[in-house]
Amino acid sequence: MSKIATRFAPSPTGPLHIGGVRTALFNWLFSKKKGGIFLLRIEDTDKERSKDEYKDQIIKSLKWIGINYDGNEYIQSSKIDNHIQVAKELLKNGHAYKCYCSSEEIEEQKKRAKQKKIPYIYDRKWRDKKEVDAPKNIEPVIRFKSKIEGSTILKDLVQGDVQIENNTIEDFIILRNDGSPTYNLSVAVDDQQMKVTHIIRGDDHKINTFKQMQIYNAMQWELPNFAHIPLIHTTEGKKLSKRDKASTLDDYSKIGIMPEALRNYLLRLGWSFKDKEIFTLEESIEHFNLEGIGKSPSKLDKSRILSMNEYYIKNISEKDLFDRFNEYCKNYKQVIGANKEDKIKKSLSFLKNKAKSLEDIYNNSKYIIFDEVSFDENDVKLIDEKAKKIIADFRNEVSKEKEIKKETLETIINNLIKKYETNFKGVGQPLRIALTGSKFGPGIYDIMISLGKLDIEKRLKKIT
RNA sequence: GGUCCCUUCGUCUAUCGGUUAGGACACAUGGUUUUCAUCCAUGAAAGAGGGGUUCGAUUCCCCUAGGGACCGCCA
């Protein structure tokens, strides 16, 4: 058997969404597992809607999540001549014919079918007509001569055998009347020429597969293997579309989801290997198989993504975590100053315990990133006269110390709790607000130690 | 409407004829932590319905119901 080759073939007519990314991931994993190659084909033949910006977004997305394709991206529009060539051959072999129906005529037929509530299918009017009868003023389209008799079985690697009556497949157009090839022709020709051995794509392509299989057969090409994976549904249970919110990788990236977490989540969405939930990249390549792909569509679950992200935040190395965080801040929030990097790195050990996302880490580390504390009005109200006294006392005690250590801080705070006849919250909360501007965040000792004596004094002074 | 696909806890799923139907997320309760979070423990939670086949069906077959995809000179 020839070398395994898979491909991902998006059209750059909109941003790549998470469903497409999962399809790409499955194809990529499958080829890696089999020691094959994975190709990227940009299907940009719809010149009206294709945009370079989308192409770039697709490439960027794949890169972000760690999917790398072999060779250069294959640009479908640059291969149109090949597609036309095949169409001509099909015409010559009698597997295709010229259809002189005007688009008005077709529209009319569709309308009538709708009124009668019967399914529209092209009536194959020109299939056996002689060309001498052709109207002179109409530029014909080329239609594929689909089989009428019998049925076809698709041996689907995910869905099993799928049988369909051949007469339900119409004589589809392969060349428009402007001479340009249509989707099914281009795809079949490209896949064949790229020597794709396994076509793993969304279930929404299943009908196309039957059309493309006929082209393969007519050209006497060896059929590739097909696997139709169930679609990802929104929480409303509908097919995920480019228009859905929170569907592109950037939508997740900007709320602080890390690529490894999303990759792991997507892997387990519609695929499983026993009870295993966490897969390193190596493990996913090792265990991935088509048998593990489920047959029913699955819904996106944001809390699951977040919890996967939380796992990776806690389990990747702090060095990697810093890199991810640094990049996140740079892209979506605020560049971390060079003088702050060290403090952040040291604080990651406790910051990550409270975070489900990089955004959480950001929110909890603002007190380090920004020199000026920004206060929430409601929180400031919590610092009353008594609290101000406590803060002043605390600052006074701290200034006597040479070095800030947890033990000394504990002693100071405990003494204040006694002196002011309050509890930990009574002392801790005002201090926290004064130092960070927020009621929530890391432990008070962690905050103080990471800030250091000078910053503590400076910040507390402003309050009292 | 036609064709095709699907149906196990709220969600993602395990089970390849015999299980107290398992795990994970979310949820609830309790414990640890002198706040919050983390962490730990516990709990509630599922085979769409009806027929077969079988000694025995979540598992195999059929029907019904529900959901989905496709039905472009878009890809």
Side-chain angles (χ1 to χ4, degrees), chain A residues 9-14 42-46 48-50 76 99 101-103 106-107 110 113-114 116-121 139-143 154 156 158-160 162-165 167-170 172-184 186-187 202-210 228 230-231 233 235 237-239 265 268-278 291-292 294-308 310-311 314 350-356 360 364 410 413-414 417 423-429 432 438-444:
Chain A
S11 65
T13 53
I42 303 292
E43 306 211 326
D44 60 341
T45 50
D46 185 341
E48 296 274 301
R49 295 192 298 150
S50 293
Q76 186 165 62
C99 164
C101 291
S102 65
S103 32
I106 300 289
E107 284 309 313
K110 282 184 186 171
K114 208 170 185 181
K116 286 194 204 159
K117 290 195 172 177
I118 54 169
Y120 165 75
I121 185 161
E139 202 51 49
V141 297
I142 310 290
R143 285 182 185 270
L154 160 65
D156 193 280
V158 167
Q159 303 195 352
V162 180
Q163 190 175 98
I164 197 171
E165 295 299 318
N167 62 19
T168 59
I169 305 286
E170 71 166 348
F172 55 96
I173 293 170
I174 54 177
L175 230 49
R176 301 183 183 96
N177 62 184
D178 66 358
S180 64
T182 62
Y183 172 76
N184 281 298
S186 297
V187 168
D203 186 40
D204 50 346
H205 282 289
K206 208 155 58 196
I207 295 296
N208 292 327
T209 296
F210 283 98
H228 291 92
L231 302 176
H233 281 175
T235 34
K238 297 273 188 263
K239 177 185 173 182
Y265 172 77
R268 279 288 287 98
L269 191 66
W271 178 83
S272 62
F273 179 75
K274 299 179 183 169
D275 274 346
K276 197 169 164 59
E277 299 284 349
I278 303 296
E291 294 75 45
K295 292 186 181 182
S296 50
S298 33
K299 287 180 189 163
L300 232 33
D301 181 356
K302 194 180 164 193
S303 68
R304 193 81 186 265
I305 298 174
L306 237 25
S307 115
M308 190 62 84
E310 183 179 15
Y311 174 86
K314 292 187 172 116
F350 60 84
L351 284 171
K352 69 181 181 184
N353 284 331
K354 313 186 73 96
K356 275 179 161 24
D360 288 346
N364 282 334
E410 267 177 341
I413 286 180
N414 282 328
I417 290 171
N423 54 18
F424 183 81
K425 201 175 173 182
V427 175
Q429 197 174 63
R432 175 198 291 286
S438 170
K439 270 192 292 189
F440 306 105
I444 191 77

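All values reported here derive from a predicted model rather than from experimental measurement. A note on names: the letters A, B, ... follow the listed sequences, proteins ahead of strands, and every chain is numbered from 1.
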Looking only at the side chain of [X] (C-beta and beyond, no hydrogens), which of the listed nucleotides [options] gets closest?
X      : options                : answer
A:V162 : B:rC5, B:rA14, B:rA26  : B:rC5
A:E43  : B:rA75, B:rA14, B:rC73 : B:rA75
A:I164 : B:rG22, B:rC4, B:rU7   : B:rC4
A:Y183 : B:rC25, B:rA69, B:rA75 : B:rA75
A:S272 : B:rA14, B:rC73, B:rU34 : B:rA14

Heavy-atom donor-acceptor pair, [X] side-chain to [N] base, under 3.5 Å:
X      : N      : result
A:K439 : B:rC36 : no
A:R432 : B:rU35 : yes
A:N177 : B:rC73 : yes

Can you find a side chain N or O atom of [X] that sits less than 4.0 Å from OP1 or OP2 on [N]?
X      : N      : value
A:T168 : B:rC71 : no
A:K299 : B:rG67 : no
A:K314 : B:rA37 : no
A:K295 : B:rC6  : yes
A:T45  : B:rA75 : yes

What integer distance in Å separates A:Y265:OH from B:rA26:P?
13 Å

Rounded off to whole Å, could you give me the CZ-to-P distance for the A:R304 and B:rC27 pair?
13 Å

Using side chain to side chain contact (heavy atoms under 4.5 Å, CB included), reason through A:N208 and A:V187 one step at a time and then give a plain yes or no.
CA-CA 10 Å; A:N208 292 327; A:V187 168; over 6 Å; no

Paired with B:rC73 by Watson-Crick or G-U wobble geometry, both distances under 3.5 Å: which nucleotide is it?
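B:rC73 is paired with nothing.
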
Rounded distance in Å between the P positions of B:rG68 and B:rC25
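29 Å, rounded to whole Å.
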
Spacing of A:K206 atom NZ and A:Q159 atom CD [to the nearest 0.5 Å]
3.5 Å

How long is the span from the CH2 atom in A:W271 to the OG atom in A:S298, to the nearest 0.5 Å?
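Separation between the atoms: 13.5 Å.
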
Validation row: A:M308, A:I278 side chains within 4.5 angstrom (heavy atoms):
yes

Decide yes or no for A:D204 and A:L231: does some side-chain heavy atom of the first lie under 4.5 Å from some side-chain heavy atom of the second?
yes

